[in-house]
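Just dropping this structure here.
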Amino acid sequence: MNTGAASQAVGSAPEPAGELGRLLSGPASTIAPRLLGLVLTVGERSGRIVEVEAYEGPDDPASHAFRGPTARTEVMFGPPGHLYVYLSYGVHWCANIVCHPDGVAGAVLLRALEPLTGVDGMWSDRPAAKRETDLASGPGKLCAALGITDRNNGVDLLDNTAPVRLQRPADHRSVSGSGFAVGPRIGITKAVDRPWRFGIADSPHLSRRFP
DNA sequence: TACCCGATTTACT
DNA sequence: GTAAATCGGGTAT
C-alpha cells in the first residue's frame with residue numbers, strides 16, 4: 001500500500017509523531033547511541049536507558065531479521081517506534097525498539113536501565129536482585145523489572161495510551177552528546193566484531209563494564 | 001515431525 | 001568460574 005513516492009515523503013508521511021519519532025528513524029547502529037538517556041515507562045515503573053545494542057537486517061548475521069521476516073520477527077520489519085519482544089533461552093523476555101523505516105528490518109536491544117520510579121514494584125518482580133543497580137542490569141532483567149512480556153510485542157511506544165511508552169527528558173540532549181562508551185555486542189557468536197553496543201560510560205547500572 | 005540452538009540469568013563449586 | 005534451566009522458532013528430514 002505504500003507507493004515509492006510515499007516512502008520518500010518524509011516530512012508529511014505518517015511517521016511517529018514529534019521530535020522523538022524522528023530520533024527513532026534510521027539505521028540501528030546510528031539510532032542506538034541516541035536512545036541512551038531516554039526514559040521507558042510501564043505503568044508506575046520507569047527507568048533511564050543506559051545500555052543498548054544495535055541489530056540490523058539482512059546485513060547483520062547476528063540479527064533475528066537476518067533471514068527475512070517470520071511470524072516472530074515481523075515487528076522488526078514494521079514501522080519504527082514499536083516494541084519487539086522475544087523469548088531468550090526459553091526463559092527471559094528481551095525488548096527491542098524498532099528503528100528502521102517501515103519495510104526495512106532493524107531494532108535496538110534494550111540491555112540495561114537505571115530505575116527511576118516504581119522501584120518497589122521492580123523489587124517484587126526481581127527478587128534475585130541484590131542491589132538497585134542489579135534490578136535492570138541486563139536485557140532479561142530489564143523486562144522482568146518493568147513487567148514486559150510478549151503481551152507487549154508490537155506496541156507503539158510513542159502512543160501516550162500504550163502500556164509501554166518512551167519519553168525524552170529535558171536533559172537528553174546533553175546526555176547523548178557525550179559520555180557514552182562503545183564496544184562489541186555481548187552474547188552473540190556471529191558478527192562479533194561490530195562495535196554496536198553502546199552505554200553511558202559511568203553508569204553503575206550497566207550489565208557489564210565496557211572494555 | 002524431529003532436532004538443534006540461542007541477543008541470558010542464576011545457583012553452585 | 002562453570003553449568004544448569006527451559007522452550008519456541010528455524011532448519012533439516
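Just so you know, these numbers come straight off a predicted model, no measurement behind them. Residue numbers begin at 1 in each chain, while the letters A, B, ... track the order of the sequences.
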Worksheet entry | Same apolar cluster (I L V M F W Y, side chains within < 4.5 Å links), A/L35/A/F210 |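 A/L35 and A/F210: one cluster.
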Item to complete: List the steps, then state whether side-chain contact (heavy atoms from CB on, under 4.5 Å) holds for A/N96 with A/L83.
Response: CA-CA 6 Å; A/N96 304 249; A/L83 196 67; over 6 Å; no
Worksheet entry | Backbone N/O of A/A162 and side chain of A/R165: donor-acceptor pair under 3.5 Å |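 Indeed, once roles are kept as given, a pair shorter than 3.5 Å links the two residues.
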Discussion item. Is it true that, when you exclude A/Q167 itself, more than 12 heavy atoms of the residues, nucleotides or ligands shown sit nearer than 6.0 Å to its CD?
Written reply: yes
Discussion item. Taking any atom closer than 4.0 angstrom to a non-hydrogen atom of chain A, what span of DNA chain B does the protein reach, first nucleotide to last?
Written reply: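 That gives a stretch of B/dG6 to B/dT10.
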Fill in: Spatial distance of atom CD1 (A/I200) from atom CD (A/E114) [nearest 0.5 Å]
7.5 Å
Worksheet entry | Pairwise distance CH2(A/W93) to CG(A/D150) - rounded to 0.5 angstrom |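 Here the rounded value is 3.5 Å.
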Worksheet item: Just by modelled atom types, is the A/S63 backbone N or O under 3.5 Å from a matching donor or acceptor in the A/E56 side chain?
Response: no
Worksheet item: A/L157 and A/V50: same hydrophobic cluster, using ILVMFWY side-chain contacts below 4.5 Å?
Response: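 Yes; tracing contacts between hydrophobic side chains, which count when under 4.5 Å, links both residues.
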Discussion item. Hydrophobic clusters here meaning ILVMFWY residues chained together by side-chain heavy-atom distances under 4.5 Å, can you tell me if A/V164 and A/L20 are in one?
Written reply: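 Yes, one cluster joins them.
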Discussion item. Taking the basic N atoms (NZ, or NE/NH1/NH2) and the acidic carboxylate oxygens, is any pair closer than 4.0 Å for A/D60 and A/R185?
Written reply: yes
Practice prompt. Check the pair A/Y55 / A/H64 against ring-ring contact (aromatic ring centres under 6.0 Å, His included), numbers first and verdict last.
Written response: CA-CA 8 Å; A/Y55 286 90; A/H64 287 173; 7.4 Å; no
Worksheet item: Does A/S25 reach the main-chain N or O of A/R22 with its side chain, forming a donor-acceptor pair under 3.5 Å?
Response: no
Worksheet item: Would a distance-only check, ignoring hydrogens and angles, find a side-chain to backbone donor-acceptor pair under 3.5 Å from A/R126 to A/D134?
Response: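 Judged by distance alone, yes, a pair lies under 3.5 Å.
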Worksheet, complete the sentence: Writing each nucleotide of DNA chain B 5' to 3' as (, ), [, ], | or . by Watson-Crick or G-U pairing under 3.5 Å yields ||||||.|||||.
Discussion item. Assigning hydrophobic clusters by single linkage (Ile, Leu, Val, Met, Phe, Trp, Tyr; side-chain heavy-atom cutoff under 4.5 Å), is A/I49 placed with A/L116?
Written reply: no
Discussion item. Under 4.0 Å, heavy atom to any atom of DNA chain B: which of residues 123-137 of chain A qualify?
Written reply: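 Listed by number, they are A/R126, A/A128.
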Worksheet item: So, A/S207 versus A/R111: side-chain donor-acceptor pair below 3.5 Å or not?
Response: yes
Worksheet item: Cluster question for you: counting only ILVMFWY and a side-chain heavy-atom cut-off of under 4.5 Å, with indirect links fine, are A/L146 and A/V155 together?
Response: yes
Discussion item. Quick one: does any side-chain atom of A/H82 pair with a main-chain N or O of A/G154 as donor and acceptor, under 3.5 Å?
Written reply: yes
Fill in: Near-strand residues of residues 104-113 of chain A, defined as heavy-atom separation under 4.0 angstrom from DNA chain B
A/L109, A/R111
Worksheet item: Can you list, by residue number, the residues of residues 61-76 of chain A that have a non-hydrogen atom closer than 4.0 angstrom to DNA chain C?
Response: A/R67, A/T70, A/R72
Discussion item. What is the first contacted nucleotide of DNA chain C and what is the last, in 5' to 3' order, if contact means an atom lying under 4.0 angstrom from a heavy atom of chain A?
Written reply: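 Result: C/dT6 to C/dT11.
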